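Take a look at the structure set out below.
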Amino acid sequence: MNRGMMLKLENLVQLHCACRQLHSLSYRKIHRTQWKPVKSSTYPMQPIQLHPQFWQTDTFISVALSQYRLLATKEGKRPGKQKLPPIKPKIERQEVEIQQRMTVEDLARAMDKDIDHVFEALLLTGIDLDSLEPDSILEEVWIKEVVKKSGMKYKWAKLKQEKVRENKDAARRPPADPALLTPRPPVVTILGHVDHGKTTLLDSLRKTQVAAMEAGGITQHIGAFLVPIILAINKCDKLEADPERVKKELLAHDVVCEEYGGDVQAVHMSALKGENLMALAEATVALAEVLELKADSTGLVEGTIIESRTDQGRGPVTTAIIQRGTLRKGCILVAGKSWAKVRLMFDENSKTVDEATPSMPVEIVGWKEVPSAGAEILEVESEQRAREVVDWRNYAEQQEKIKQDMEVIEAKQKEHKDAYKKERESLANLTWRQRKAALYKTNKHLIAMRSKERAESDRNVLPVIVKGDVDGSIEAILNILDSYNANDECELDVIHFGVGDITENDINLAETFQGVIYGFSVNANKSIQQLAAKKGIKIKLHNIVYHLIEDLKDELSSKLPPSVVEHIIGEASVLATFCVTVGKSKVPVAGCRVQKGQLDRKMKFKLIRNRDVVWKGFLTSLKHHKDDVQVIKTGMDCGLSLDKNIEFNIGDEIICYEEKEVEQTISWDPGF
């Protein structure tokens, strides 16, 4: 009997006892009032029990129940507490970002799986796997089905819109209205592309005049020419050229040249052969001097950097020409990706100056970094504005580089896709399992060839670091290095270039790439040289560009493996053939006569037949008559046998040669 039945029995017994007690209480109350005890003197008085005492029955029942509990406990043990199984932690499924019009390749990349995994997930669906390619676009239903079968969950990718940065670059000031600055009109140089009758003169002149007036802000009528003209008659090198006819035709349009008493200069030139180009420039300068034209010395400064260098005591120093405005101490300048607060200025005699006017060359001290030669100098209002301009230019350059890299990446991806499609074309008629087996065999073959390809892919590279005294020297050296065209022999890699003396950073960079440091008109102090010698880094200093390039050529040549050159020692011709029995085999023997040089048994030989090399190797025997000899000289007869059984023919040539290793020279020709 189980525990539940026992508890029910106990409850029933207790309920029965409670009912009997209630019944006995009510019975006692009723009979007390009816029956009274009678006193008798003869017998002692005792109360009459009308109903047996129920407490005795309860005692018996409780004892019986306790005995029953004991027997029930002995018969069956109470079931112990059962241990609940451990709660397994909930496994979080991987999330996959999906979007509309995803290709098979895009979905595999988002799931971090291969393309075959996507094909396997779509195996039992209604999609046609034979027509499915890596660049095939999947519907939303199939995308979700693949993610679900892969045990992942999907979420829609958020389209990130990159915030477009505001252009904060500095720019030149717009040209001032010439009518407000000076009563003199501006000078316009017209390069009249007159083809001697092929072009209408009036149309050519008026088009140039309109462009000149729009640039100068002049909006008057075009009936009369408002600015001075310099007439350049081109293609005068042709035989049918007639410049005088052109000048006469211009008289009808009120353009009078100096030969006819006017003020218009005419220059006969040839752009093809470069004739009279200097005369055209001199005419322009002469007209500007006559008109007394001057640059604007007010407003923000504009100029151009001629040269830049790093001075040991001053830091970055630039030589510049001011084109507009007046440069003073404390001005904030921006050039390229560097900016400066002008601390000192020096003229061409290295004397300190307080200001620099237009057309004045000046050395500027105070740059944060060395700007490049040819960079445009612009003045800005504050240092904060200068930093904004530099940050924007760095950002623009970075974006341009990212764009170029993306173009290269897309080109590579397209190349790989085309190769993949071409590879899949041969597997188009196969089932999915046959296709997978074929791809497995192909990949297995590629894995076996991977070590060989890795050994062949080791390139012969010479990393180079170039340091120069000024930016112009670096530019000249890099222009020479751009002409390097022997990358198939040894690749030249310019890992770094800069202005200034050789520093510890250059040594560490050269150690990382195992490169060579070339310095032009710079110094390397004793501690730097000791550090370079300790790390095994070569430092080569030169003051002449030609010597630096020659040294670089020698270094490139030393990276090339030595070439093996055959040096002929002797030549002999076969006059007769024999067969000699050695053991159980017959060995062919050639009877030869030395025609040139000598035959040395220690050297290598080759057999030439009809100008083709039939054999290369060593001799097994060399005899003169019956004697084994080491050397056979010119005019002597001999018999010889080879280390390979090759039949000789009369007229064959035997060449004795030795191999010598010769250092190769790089084929690069810099032009000097």
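Owing to the predicted nature of the structure, the values given are computational and were not obtained by experimental measurement.
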Checklist entry - Would Phe346 and Thr352 count as a side-chain contact (heavy atoms from CB on, under 4.5 Å) if you check the C-alpha gap in whole Å, the side-chain angles of each, and the deciding distance to 0.1 Å? => result CA-CA 5 Å; Phe346 301 91; Thr352 306; 3.5 Å; yes
Count the heavy atoms belonging to other residues, nucleotides or ligands that lie under 6.0 Å from [atom1] of [X], then report whether that count exceeds 12.
X	atom1	answer
Asp263	CG	no
Tyr260	OH	yes
Glu259	CD	yes
Asp112	CG	no

Sub-3.5 Å donor-acceptor pair from the side chain of [X] to the main-chain atoms of [Y], do we have one?
X	Y	result
Gln664	Pro561	yes
Asn523	Asn525	no
Ser338	Ala335	no
Thr103	Asp106	yes
Ser557	Ile666	yes
Ser270	Cys236	no
Asp471	Ala373	yes

Min side-chain heavy-atom separation [X]-[Y] under 4.5 Å:
X	Y	value
Asn394	Val390	yes
Ile465	Phe513	no
Ile495	Thr512	no
Ile528	Asp501	no
Leu327	Met360	no
Ile306	Pro361	no
Val466	Leu548	no
Cys490	Leu556	yes

Would [X] and [Y] pass as an ion pair if we require N to O under 4.0 Å?
X	Y	result
Arg245	Glu249	yes
Arg385	Glu388	yes
Glu550	Lys553	no
Lys403	Glu407	no

Which atoms form the tightest heavy-atom contact between [X] and [Y], and what is the distance?
X	Y	value
Ala356	Ile322	CB-CG1, 4.0 Å
Val499	Ser308	CG1-O, 4.5 Å
Lys559	Asn460	O-ND2, 2.9 Å
Ile377	Ala320	CD1-CB, 3.5 Å
Ile480	Pro670	CG2-CB, 4.1 Å
Gly261	Val256	C-CG1, 4.2 Å

Checklist entry - In terms of the angle between their ring planes, are Tyr484 and Trp668 parallel, tilted or perpendicular, with boundaries placed at 30° and 60°? => result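 Correct class here is perpendicular.
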To the nearest 0.5 Å, how far apart are [atom1] in [X] and [atom2] in [Y]?
X	Y	atom1	atom2	value
Thr318	Ile364	OG1	CD1	4.5 Å
Ser558	Leu462	OG	CG	7.5 Å
Trp367	Leu333	CH2	CG	5.0 Å
Arg393	Asp169	CZ	CG	4.5 Å
Asp311	Asp469	CG	CG	11.5 Å
Asn543	Phe520	CG	CZ	7.0 Å

Checklist entry - Which residue pairs satisfy the salt bridge (charged side-chain N to carboxylate O under 4.0 Å, His left out) criterion with at least one member in residues 523-541, sequence neighbours excluded? => result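 Checked against salt bridge (charged side-chain N to carboxylate O under 4.0 Å, His left out) - neighbours excluded - the pairs reaching residues 523-541 are Glu511-Lys535, Lys538-Glu555, Lys540-Asp551, Lys540-Glu555.
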Next on the checklist: Can you pull out every salt bridge (charged side-chain N to carboxylate O under 4.0 Å, His left out) where at least one residue sits in residues 340-369? Sequence neighbours excluded, please.
Outcome noted: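 Sorted pair list: Arg309-Glu363, Arg314-Glu363, Arg328-Glu355, Lys329-Asp354, Lys341-Glu383.
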Checklist entry - side chain to side chain donor-acceptor pair (under 3.5 Å) with Gln323: which of Glu302, Glu376, Arg172? => result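 The side chain to side chain donor-acceptor pair (under 3.5 Å) with Gln323 is passed solely by Arg172 among Glu302, Glu376, Arg172.
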Checklist entry - Taking Lys467 as the fixed residue, which of Thr310, Thr503, Asp506 is the one that meets the side chain to side chain donor-acceptor pair (under 3.5 Å) rule? => result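 Only one of Thr310, Thr503, Asp506 forms a side chain to side chain donor-acceptor pair (under 3.5 Å) with Lys467, namely Asp506.
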Just distance, no hydrogens or angles: give the donor-acceptor pairs under 3.5 Å from side chains in residues 272-283, sequence neighbours left out.
residue : atom : partner : partner atom : Å
Asn276  : ND2  : His268  : O            : 2.3

Item to check | Leu478/Phe497 under side-chain contact (heavy atoms from CB on, under 4.5 Å): CA gap, chis, key distance, verdict | outcome: CA-CA 9 Å; Leu478 293 179; Phe497 60 88; 3.8 Å; yes
Checklist entry - For Leu552 and Leu492, what are the C-alpha separation, side-chain angles and deciding distance, and is it a side-chain contact (heavy atoms from CB on, under 4.5 Å)? => result CA-CA 10 Å; Leu552 179 59; Leu492 178 63; 4.3 Å; yes
Next on the checklist: Using side-chain contact (heavy atoms from CB on, under 4.5 Å), reason through Arg109 and Glu105 one step at a time and then give a plain yes or no.
Outcome noted: CA-CA 6 Å; Arg109 190 183 303 109; Glu105 188 176 3; 3.6 Å; yes
